[in-house]
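Reviewing the structure listed below.
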2 protein chains.
Amino acid sequence: MKQDFQQILRGLNLKSTPKRVVLLEVLDDESVYLSPEDIWNRMKKRFRRLGLPTVYRNLEELYAGGVISRVIHPNRQLYYYLCRNEEHHHHFICVSCRRVVDVSFCAEKELQDVVREGIQGKVLSHILQINGLCRHCLQKDGAVHAY
Amino acid sequence: MKQDFQQILRGLNLKSTPKRVVLLEVLDDESVYLSPEDIWNRMKKRFRRLGLPTVYRNLEELYAGGVISRVIHPNRQLYYYLCRNEEHHHHFICVSCRRVVDVSFCAEKELQDVVREGIQGKVLSHILQINGLCRHCLQKDGAVHAY
DNA sequence: TGATAAATAGAAACAGTTTTCATTTAAGGA
DNA sequence: TCCTTAAATGAAAACTGTTTCTATTTATCA
Ligand SMILES: [Zn+2]
Ligand SMILES: [Zn+2]
Ligand SMILES: [Zn+2]
Ligand SMILES: [Zn+2]
């Protein structure tokens, strides 16, 4: 497990530091997306000294390396999520409890076609995210917080 | 045209002020997405005094009213775009020249199915955006700026 | 074990965005 | 047309999430 993370870091040419490994452990322990500050707070329980910029830097490196994914939130803050699913896929996010669920459906091919034929451009990336309420939050009656 | 914008503002229960009308004119004149500051700069040519917060406030109101759309950008800044297309649709954005092109394709139904059956949750909204390079930018050889 | 580049802490800076509040203006009715 | 009133605005200040800077520490590898 920890071994696992060290492998991942090596693969990205990043040194396997204790903080990076714990960052990944923190993300791996959660089934919800977290803000950099959330992650910092969890990590601080395990380090006497830990700077918030370190968290930001490492999150960005891991995101750039494709190890973690970002969540797009209406409040425009950054949120990250670690997903072990190696296949191309997207996410359903619960705007109430922040749970993330994989959605394997993707219209990638159709989008490529539209762009190639209609727009005659080139697709660099695509964003697909479903925002909603998960089963659990639906049951807790309509008690939806903001949004 | 201007009449048109006044109608739109009335429809949202917003007073038809000169600044709101000009804001819409500015957006309507562009086929690219603009930042609040871009819009402010264009609007300032037509008003002696104009505060940036006014631009932010109005953009947000118009976005909330569904009159303009936001662009999701890797740099996480706000960008807005006025689109006359009333049908449900999404956008291809050129990350180089900021051009926006409507994409009518949407897998809404499939997404609904996935969420209802697999997740047993409820879809509140979905984000679909294609980031790429438009025809014009592809031709100007591979001179892609950042991103 | 020592050399070296990479990673980190802490503090400060930053930039885009939002709030506050006094003043102005649009809208609707007398 | 003139008033009244709620809504909109400008200017300045505050905010806050994020990034930069630099001296110090640490992982890696010979
Ligand atoms: Zn939920
Ligand atoms: Zn996933
Ligand atoms: Zn459109
Ligand atoms: Zn282009």
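Lettering follows sequence order; numbering is per chain, from 1.
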Going 5' to 3' on DNA chain C, which nucleotide is the first and which the last to come under 4.0 Å of a heavy atom in chain B?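 Going 5' to 3' along DNA chain C, contacts run dG16(C) to dA27(C).
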Separation of [X] atom [atom1] from [N] atom [atom2], in whole Å?
X	N	atom1	atom2	answer
Leu23(B)	dT9(D)	CG	P	10 Å
Gln77(A)	dT19(D)	CD	P	12 Å
Leu50(A)	dT24(D)	CG	C1'	16 Å
Tyr80(A)	dG17(D)	OH	C1'	12 Å
Trp40(B)	dG10(D)	CH2	P	11 Å
Asn75(B)	dT18(D)	CG	P	13 Å
Phe47(B)	dA8(D)	CZ	P	15 Å
Leu59(B)	dT9(D)	CG	C1'	15 Å

Do you know the tightest heavy-atom contact between [X] and [Y]?
X	Y	value
Cys83(A)	His91(A)	SG-NE2, 3.7 Å
Phe92(A)	Lys122(B)	CE1-O, 4.0 Å
Ser96(B)	Leu133(B)	CB-CD2, 3.7 Å

Applying a 4.0 Å non-hydrogen cut-off, can you work out what [X] is touching in the nucleic acid: base, sugar-phosphate, or nothing?
X	value
Arg10(A)	sugar-phosphate
Arg57(B)	base
Arg76(A)	sugar-phosphate
Ser16(A)	sugar-phosphate

Pro18(B) or Pro53(A), whichever maps to the more 5' nucleotide of DNA chain D: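 Its nearest nucleotide being more 5', the pick is Pro18(B).
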Please report the end-to-end axis angle for the helix from dT1(C)-dA30(D) to dA30(C)-dT1(D), five pairs per end, rounded to 10 degrees.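 It comes to 40° between the two terminal axes.
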Under 4.0 Å between a side-chain N or O of [X] and OP1 or OP2 of [N]?
X	N	result
Lys19(A)	dT26(D)	no
Asn58(B)	dT9(D)	yes
Tyr56(A)	dT18(D)	yes

When hydrophobic residues are tied together by side-chain contacts of less than 4.5 Å, even through go-betweens, does Val103(B) share a cluster with Phe105(A)?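 Hydrophobic grouping puts Val103(B) with Phe105(A).
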Is Val71(A) reachable from Val115(B) through a run of hydrophobic residues whose side-chain heavy atoms are each under 4.5 Å from the next?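 No; Val71(A) is not reachable from Val115(B) via cluster members.
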Pick the closest DNA chain C nucleotide for Asn13(A) and for Leu52(B) by heavy atoms, then say which residue is nearer the 5' end.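 Nearest-nucleotide comparison on DNA chain C picks Asn13(A).
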Mapping Lys15(A) and Pro36(B) onto DNA chain C by nearest heavy atom, which one lands closer to the 5' end?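 Result of the comparison: Lys15(A).
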With a 3.5 Å distance limit and no angle check, can you tell me whether His126(B) reaches the backbone of Gln129(A) through a side-chain donor-acceptor pair?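 No.
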Assess, by modelled atom type and distance only, whether the side chains of Tyr56(B) and Glu37(B) contain a donor and an acceptor separated by less than 3.5 Å.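 No, no side-chain donor-acceptor pair sits under 3.5 Å.
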Name the closest nucleotide to the Thr17(B) side chain, picking from dA27(D), dG17(D), dA8(D).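 Nearest to the side chain of Thr17(B) among the choices is dA8(D).
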Could you tell me if the side chain of Tyr79(B) sits less than 4.5 Å from the side chain of Arg98(B), heavy atoms only?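 Yes, at least one pair of side-chain atoms sits under 4.5 Å.
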Check whether any side-chain heavy atom of Tyr33(A) lies under 4.5 Å from a side-chain heavy atom of Ile93(A), and answer yes or no.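 Contact flag for Tyr33(A)/Ile93(A) side chains = yes.
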The criterion is side-chain contact (heavy atoms from CB on, under 4.5 Å); which residues satisfy it with Arg10(A), sequence neighbours excluded?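 With sequence neighbours excluded, Arg10(A) shows a side-chain contact (heavy atoms from CB on, under 4.5 Å) to Ser16(A), given in chain and number order.
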